[in-house]
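A short worksheet on the structure shown next.
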Amino acid sequence: MESPSSRRPDVAGLAIAFILLALAGLIWWDLSRLQLNAVYGVGPKAMPMVVAAGLGILAIGNAIAAFRGDLPERESLQWQPIILIIGGLAVMMGFIHFGVGFILATTVLFAATAAAFGRRAFLVDLAIGFVLGLIIYVVFSKLLALSLPMGPIERLL
Amino acid sequence: MDAFVSLAHGLTVAIQPMNLLFALIGVLLGTAVGVLPGIGPALTVALLLPITFKLDPGGSIIMFAGIYYGGMYGGSTTSILINTPGESASMVTALEGNKMAKAGRGGPALATAAIGSFVAGVIATAGLAFLAPYLVDVAVQFGPEDYFALMCVAFVTVSATFGDSPVRGLTSLFIGLLLGLVGIDILTGQARMSFGVPDLLDGVEVTTLAVGLFAVGEALYVASRRHLVEEKLEPVRGSLWMTKEDWKRSWKPWLRGTAFGFPIGALPAGGAEIPTFLSYSTEKRLAKHPEEFGHGAIEGVAGPEAANNASAAGTLVPLLTLGLPTSATAAMMLAGFQQYGLNPGPLLFAERPELVWGLIASLFIANVMLLVLNLPLVGLWVRLLAIPQPWLYAGILVFATMGTIAANPSVVELMMLTLFGIMGFLMRRFDFPIAPVVVGLILGPVAEGQLRRALSISLNDPMVLLQSPISATLLVIALIALILPFVLKGMSRFKATED
Amino acid sequence: MTRITKGLWRGALTAAALTLATSAMAQSDLKIMAPAAPGGGWDQTARSMQQAFTQSGLVKNVQVTNVPGAGGSIGIAQFVNGAKGDPNQLMVMGYVMVGALLTNNSPVTLAQVTPIARITAEYEAIVVPANSPIKDAKELAAAVKADPAKVTWAGGSAGGVDHIAAALFAKAAGADPTKINYIPFSGGGEALAAILGGKVTAGISGYGEFESQIKAGKLRLIGMTSPGKLPNVDGPSLKDQGIDLEIANWRAVVAPPGLSPEQTKTLTETVDKLAKTKEWQELLKAKGWDDAYMSGPAFAKYLSDEQAKTKEVLTSVGLVKS
């Protein structure tokens with residue numbers, strides 16, 4: 001690993017180490033709040049302690065790697081597609097939470113993901129997503145008797 | 001040779017046209033649900049129970065068995081093609097299988113999975129027919145301490161999935177263990193790492209984690225790098241079918257996978273995932289070209305796929321001989337038996353031999369049907385990869401979310417899927433291996449639970465781990481597997497300096 | 001038009017259709033929630049009711065929804081908040097939920113729902129491996145009293161009906177119930193394997209789980225938690241052997257909060273009719289469920305009694321901090 005940045009610590013690597021340390025702390029805080037103990041054998045706190053200790057040690061290991069610049073080289077990345085996909089998932093959650101229904105949620109997710117991968121025909125993709133959602137919904141509710149989240153459109157079927 | 005005579009009788013039951021039809025419906029349904037992530041064979045059998053209520057018991061039980069085997073075949077398809085494991089047992093298949101598919105070798109990957117499943121299914125079903133009564137006696141002797149030791153062996157194998165940095169591999173594993181802590185502690189009934197969120201009380205669903213890390217994480221990663229590398233998928237590069245070389249590299253992993261899968265599947269708390277881990281790491285150790293692992297080694301598909309199918313047959317051993325349901329699907333099949341007033345167990349073999357042996361015989365037939373059904377489909381499946389990239393990934397995300405909310409229509413579950421997706425993206429970007437997270441989530445809670453049970457029974461005496469011969473043996477195996485690579489490395493270095 | 005109180009989406013489209021249809025029949029639409037994943041006991045109960053309702057023509061459209069998680073804690077929360085005042089909804093629940101709500105510190109309680117009817121009940125069986133030196137309930141009680149740590153129990157989840165029964169057994173035997181060595185297993189198969197393998201002293205679960213093993217002579221039935229000997233069980237009850245312990249794992253249906261007395265009455269009558277249909281009786285037989293039908297005020301009292309009793313037991317075992 002003879003990367004040019006090996007002189008300076010890798011900020012992202014240090015952030016990872018810090019997150020691991022924070023997770024270890026979170027486990028420790030959580031296990032200190034457990035009230036019941038096992039009558040016989042090992043109690044419910046042993047495993048969290050092992051995991052917290054392990055994460056603590058690994059935080060140090062990752063920090064050392066960050067200082068030595070052992071992390072792989074990272075390429076530039078585009079944020080726009082990531083935001084589109086996560087946005088699509090967020091809209092899906094919102095639609096399901098507020099009872100807009102599975103089919104429209106699927107429609108938006110499909111179109112948003114396709115757009116993230118460079119498609120510009122948004123309306124066509126919305127139509128494809130709608131048909132896909134419709135097919136899935138019908139298969140599930142009619143053939144398998146499973147109830148996917150309902151909305152106005154689902155109620156008409 | 002009693003079993004042979006009974007099996008021949010069973011065959012005459014199984015080849016009755018109606019029963020053949022039921023077996024065919026079963027394998028078709030099973031393959032279909034196996035392909036859908038989140039919809040496993042257990043759910044399908046559960047939903048079919050009320051419909052089959054009025055049918056003939058023999059026929060519907062044959063159909064359930066067809067669904068079970070079909071689901072195991074189908075699960076590998078999505079793993080290989082779109083990196084979306086349909087169930088946790090085919091997670092390992094995705095590791096090498098999807099790399100093969102991306103290199104235009106999806107055809108041979110699917111073929112080795114199908115043929116390996118067939119080989120494993122036939123051998124394991126034969127094992128079920130002839131060894132079940134002996135095997136089950138051993139299986140119930142497995143106590144909590146022995147399971148803990150088995151988990152130790154499985155933990156050692158995780159390093160095969162670590163990639164090139166042990167620190168990053170262990171970090172992934174411990175994040176999986178952390179996720180395994182979430183939810184109600186089974187031994188005391190109190191919530192850990194749940195922060196008052198009721199949806200977290202049942203813990204992290206393995207398929208949600210696997211689909212989030214693998215499918216959603218990959219979609220995010222590929223999308224963010226589109227400006228750098230235009231990912232170009234060629235559905236078929238080279239031969240669509242397995243070459244002679246592929247066959248040569250596949251047959252031993254098939255047999256070894258079966259040898260892991262069947263006995264562990266027969267253990268009441270064995271499960272289908274552990275044999276796939278064991279098979280993967282064994283194949284990596286034994287492979288002539290271990291450097292191919294992680295870039296699409298066919299052995300890494302052949303072994304684990306054989307292992308998960310063999311474990312499916314193994315699960316039927318305690319179910320038929322003792323009435324012990326050891327997987328969700330087996331529990332549903334038990335309910336299927338019971339709705340006809342049949343109780344699987346030692347008495348069923350004596351009271352209704354035509355039913356039991358008819359079922360076993362139709363398992364052979366279901367395997368043949370699945371092979372005949374799946375091989376021609378290979379050509380069709382790989383065409384899926386020719387779908388334009390935006391639509392392919394959009395379809396994958398729709399599939400992933402659908403699988404997540406089908407069994408549990410909860411927004412919190414979708415939120416977890418998204419978070420795991422972001423985690424999968426970051427892990428790919430910083431080169432952390434992904435499989436150990438899932439392994440940690442599966443093994444952590446089991447290892448903890450079994451160790452605590454063992455110590456509760458022994459009243460805190462840790463010697464119980466060494467007093468049981470099974471446990472002691474397994475712990476020695478784990479220890480050898482752990483230190484052997486270092487010893488070998490040291491020896492080769494020693495030799496090198498000597499020369 | 002009280003039935004439109006809930007639901008902007010639900011309201012506009014379905015209410016008109018509902019008001020028209022309800023005049024003709026007692027009930028035309030019914031939604032049954034199973035607060036568990038498809039396949040489990042509560043789900044099977046919900047789907048069997050769906051089957052019997054539609055086949056007998058009592059209710060035209062029955063829809064089953066699954067809201068799994070945390071022993072029903074998530075399902076009941078959604079039911080109480082989302083179905084308030086809706087007389088066309090039912091939720092399947094059972095004894096397990098009583099304990100789960102207590103151990104999970106659920107903010108929603110069973111006092112909030114409208115009790116409708118208990119439908120089935122199964123008594124617990126205590127068994128030992130066939131080669132165990134323990135022959136009957138008296139000997140098991142003596143062993144527990146001598147040293148509760150040495151008697152290991154295999155059963156289902158902590159705080160569940162199996163655990164409660166084991167604690168009650170220790171109490172009745174004169175031992176300290178907080179000192180029992182109870183080992184929870186996930187899934188019936190694992191516990192049964194541990195008992196058959198002789199890894200534990202005794203096992204405790206619903207009779208159905210053990211039935212075929214008892215008949216095959218691999219397990220010995222020590223006693224049932226029923227008030228007396230059961231006709232279909234070849235073995236005595238614990239009470240007959242002088243151990244004062246009675247507990248049943250029951251399943252019931254409840255309605256949302258905020259129903260008028262008339263609405264509660266109509267709904268109860270619909271379920272009463274269901275219990276008498278040929279279709280339902282056939283299903284009970286096929287599934288091996290014991291009919292334990294009880295509705296109206298009797299069930300309301302039973303439900304609140306069970307809650308008080310369970311809370312007391314769980315507190316005395318130390319699973320719930322008072």
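Shown here for P48(A) and L181(B), the closest heavy-atom pair between the two residues is CA-CD1, 3.8 Å. Contact detail for I85(A) and A219(B): the closest heavy-atom pair is CD1-O, 4.1 Å. Nearest approach of I175(B) to L20(A), heavy atoms of both residues: CD1-CD2, 4.2 Å. Scanning both residues, N460(B) and G41(A), for their nearest heavy atoms gives OD1-CA, 3.1 Å. Here the closest heavy-atom approach between residue E448(B) and residue P44(A) is recorded as OE2-O, 4.5 Å. Scanning all heavy atoms of the two residues, the minimum distance from F174(B) to V51(A) falls at CD2-O, 3.8 Å.
With values rounded to the nearest 0.5 angstrom, M92(A) atom CE is found 3.5 Å from T401(B) atom OG1. Remark: M47(A) CE to R192(B) CZ distance equals 8.0 Å, nearest 0.5 Å. Here the CE-CH2 distance, from M193(B) to W29(A), works out to 9.0 Å after rounding to the nearest 0.5 Å. For the atom pair CE of M93(A) and OG1 of T418(B), the computed distance is 3.0 Å after rounding to the nearest 0.5 Å. One finds the CZ atom of R33(A) at 11.0 Å from the CD atom of Q190(B) (value rounded to the nearest 0.5 Å). Taking CD1 from I405(B) and CD1 from I96(A), the interatomic distance works out to 3.5 Å, rounded to the nearest 0.5 Å.
I82(A) touches chain B through backbone and side chain together, each having a heavy atom under 4.5 Å away. Within the 4.5 angstrom heavy-atom criterion, atoms from both the backbone and the side chain of L220(B) approach chain A. Contacts between I422(B) and chain A at a heavy-atom distance below 4.5 Å involve the side chain alone, from C-beta outward. Both the backbone and the side chain of L178(B) come within contact range of chain A, each with at least one heavy atom under 4.5 Å from a heavy atom of that chain. Heavy-atom distances place both the backbone and the side chain of S224(B) under 4.5 Å from chain A. With a 4.5 Å cut-off on non-hydrogen atoms, A191(B) touches chain A through its backbone but not through its side chain. Heavy atoms of L31(A) lying under 4.5 Å from chain B are absent altogether. The contact between L148(A) and chain B is made entirely by side chain atoms (from C-beta outward), counting heavy-atom distances below 4.5 Å. The contact between L109(A) and chain B is made entirely by side chain atoms (from C-beta outward), counting heavy-atom distances below 4.5 Å. Looking at V412(B), there are no atoms closer than 4.5 Å to chain A (heavy atoms on both sides), in backbone or side chain. Heavy atoms closer than 4.5 Å to chain B are found in the side chain of L132(A), but not in its backbone.
The residue among V50(A), L55(A), I64(A) with the most heavy atom pairs within less than 4.5 Å of chain B is L55(A). Ranked by heavy-atom pairs under 4.5 Å with chain A, the first of V398(B), D431(B), D185(B) is V398(B). Put simply, of T113(A), L77(A), V42(A), I86(A), the one with the most heavy-atom pairs under 4.5 Å next to chain B is L77(A). If you tally non-hydrogen atom pairs under 4.5 Å between each of A12(A), A24(A), A105(A), G43(A) and chain B, the highest count goes to G43(A). With chain B as partner, the option from L34(A), I136(A), T106(A), L26(A) having the largest number of non-hydrogen pairs under 4.5 angstrom is L34(A). Chain B forms the most heavy-atom pairs under 4.5 Å with one residue out of A114(A), A111(A), P81(A), and that residue is A114(A). Options I57(A), I16(A), L84(A) differ in how many heavy-atom pairs under 4.5 Å they form with chain B, and the most are formed by I16(A).
Y40(A) has its side chain out of reach of L455(B): every pair of non-hydrogen atoms, C-beta onward, lies at least 4.5 Å apart.
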**OP:** Please lay out, stage by stage, how F117(A) and V222(B) fare under the test side chain to side chain contact (heavy atoms under 4.5 Å, CB included).
**Re:** CA-CA 9 Å; F117(A) 279 88; V222(B) 175; 3.8 Å; yes
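Within a 6.0 Å sphere centred on CD of Q80(A), other residues, nucleotides and ligands contribute 12 heavy atoms or fewer.
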